[in-house]
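Just below is one structure, and these are the notes that go with it.
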Amino acid sequence: MPELPEVETTRAGLAPHLLGRRVLGATLRRPDLRWPIAPEISTVLPGQRIDAVRRRAKYLLLDTAAGSALMHLGMSGSLRVLPAATPVRAHDHVDLALEPRHGEAGAVLRFNDPRRFGCVLWQAPGTLHPLLAGLGPEPLSDVFDGDYLFSLSRGRRAPVKTFLMDQSVVVGVGNIYAAEALFEAGIAPARAAGRVSRERYVALADAVKRILAYAITRGGTTLRDFISPDGAPGYFEQELSVYGRDGQACLRCGHGLRHAVLGQRATVWCARCQR
DNA sequence: AATCCCCCCTGTTAGC
DNA sequence: TGCTAACAGGGGGGAT
């Protein structure tokens, strides 16, 4: 499932193929994903040159002089650059035809999303799409640290795991990395966010940064459906400590890992190592 | 303002 | 073996 490392892996994989290249046309095989596909994808984007491939939170932006394509992979989405003649498969919802270059045949940027929780929207030049307003800081930025989490969490009664996954608090931390970071920081996921000390939030912020940065170097986590633009899986899943290990032994102390649902999300933790 | 909870969707898997 | 039902997950949005 695409969390920040998977989206960043996608961005880095796409950039060499897309930068400076023109979009020749768009093919929409479905009118809607999570929301209707923005009409500008068909009416404005063709003919434009891609000047930058950016990521904000779990969103990808393809910047052009006429505006930006804004995409989210949802939970099962993937973007791949393929030879133009590649046969269409199930759930290939959107194609952007790319101009030929290097004397090669043309290529296509293909958006595949079986569960259709993703989106392909449009951001006009000089504007901020409403979905991007109100997002918290990037976890790998200097703004995000233990003091920030401590200050923001005072008085909050929601579980610290729910707090950490709130995209208005910090972006990019989904269910997998929230569980892993809390394990590394030794904090019980169900503890009220407002009842975690400053010292422990410093450990948590550090754990989030370390885990996300490391997962990016591993190409993200491939559980069921994540795949990078070149078709390679991610390798971080082999290194998960708690996520998906319900009932197995804690790698640190051997205690059986516990499972509960917090904020509608499956949560696994070690009741001995995490308090 | 914070929190809760439902919902979108479909491939996979657990359970009968 | 074959079916059904639960489950997974990001995150918006309405209700509380």
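Order of the sequence lines sets the chain letters (A, B, ...), proteins ahead of strands, with each chain counted from 1.
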Q | Phosphate OP1/OP2 of dG10(C): any H72(A) side-chain N/O under 4.0 Å | A | no
**Q.** Overall bend - the helix from dA2(B)-dT16(C) to dC16(B)-dG2(C), comparing terminal axes fitted on five pairs, nearest 10 degrees
**A.** 50°
(Q) Strictly below 4.0 Å, N to O, side chains only: are R54(A) and D63(A) in salt-bridge contact? (A) yes
Q: Give a yes or no on this: more than 12 heavy atoms of other residues, nucleotides or ligands lie within 6.0 Å of atom CZ of R110(A).
A: yes
Q.
Can you tell me if Y177(A) touches the phosphate of dG10(C), counting only side-chain N or O atoms and a distance under 4.0 Å to OP1 or OP2?
A. no
Q | Gap separating the CG atom of L14(A) from the CE atom of M71(A), nearest 0.5 angstrom | A | 7.0 Å
Q: Can you tell me the distance, in whole Å, between the CD atom of Q167(A) and the C1' atom of dG12(C)?
A: 12 Å
Q.
Once side-chain contact (heavy atoms from CB on, under 4.5 Å) is applied, do any residues pair with A97(A), and if so which ones, sequence neighbours excluded?
A. L24(A)
Q) In whole Å, what is the span from the CG atom of L70(A) to the C1' atom of dG12(C)? A) 14 Å
Q) Can you give one letter per nucleotide of nucleotides 1-8 of chain B, 5' to 3': B if a protein heavy atom sits under 4.0 Å from the base, S if only from the sugar-phosphate, - if neither? A) -SS-B--B
Q | Euclidean distance, atom CG of residue N112(A) to atom P of dT10(B) [Å, nearest integer] | A | 12 Å
Q | Worked verdict on S153(A) versus V196(A) for side-chain contact (heavy atoms from CB on, under 4.5 Å) | A | CA-CA 8 Å; S153(A) 63; V196(A) 174; 5.9 Å; no
Q) How close or far is atom P of dC9(B) from atom CG of D32(A), stated in whole angstroms? A) 8 Å
Q.
With a cut-off of less than 4.0 Å, is there a side-chain N or O of H91(A) near OP1 or OP2 of dG11(B)?
A. yes
Q) Within the side chain of S76(A), is there an N or O that forms a donor-acceptor pair under 3.5 Å with the backbone of R115(A)? A) yes
Q | H259(A) NE2 - dA14(B) C1' separation (whole Å) | A | 13 Å
Q. Is it true that E99(A) and R49(A) have a side-chain N and a carboxylate O under 4.0 angstrom from each other?
A. no
Q: State the CZ-CG distance between F144(A) and D206(A), to the nearest 0.5 angstrom.
A: 9.0 Å
Q.
Between the side chains of D145(A) and K209(A), is the shortest nitrogen-to-carboxylate-oxygen separation below 4.0 Å, so that they form an ion pair?
A. no
(Q) Rounded to whole Å, please give me the gap between CE in M165(A) and C1' in dG12(C). (A) 14 Å
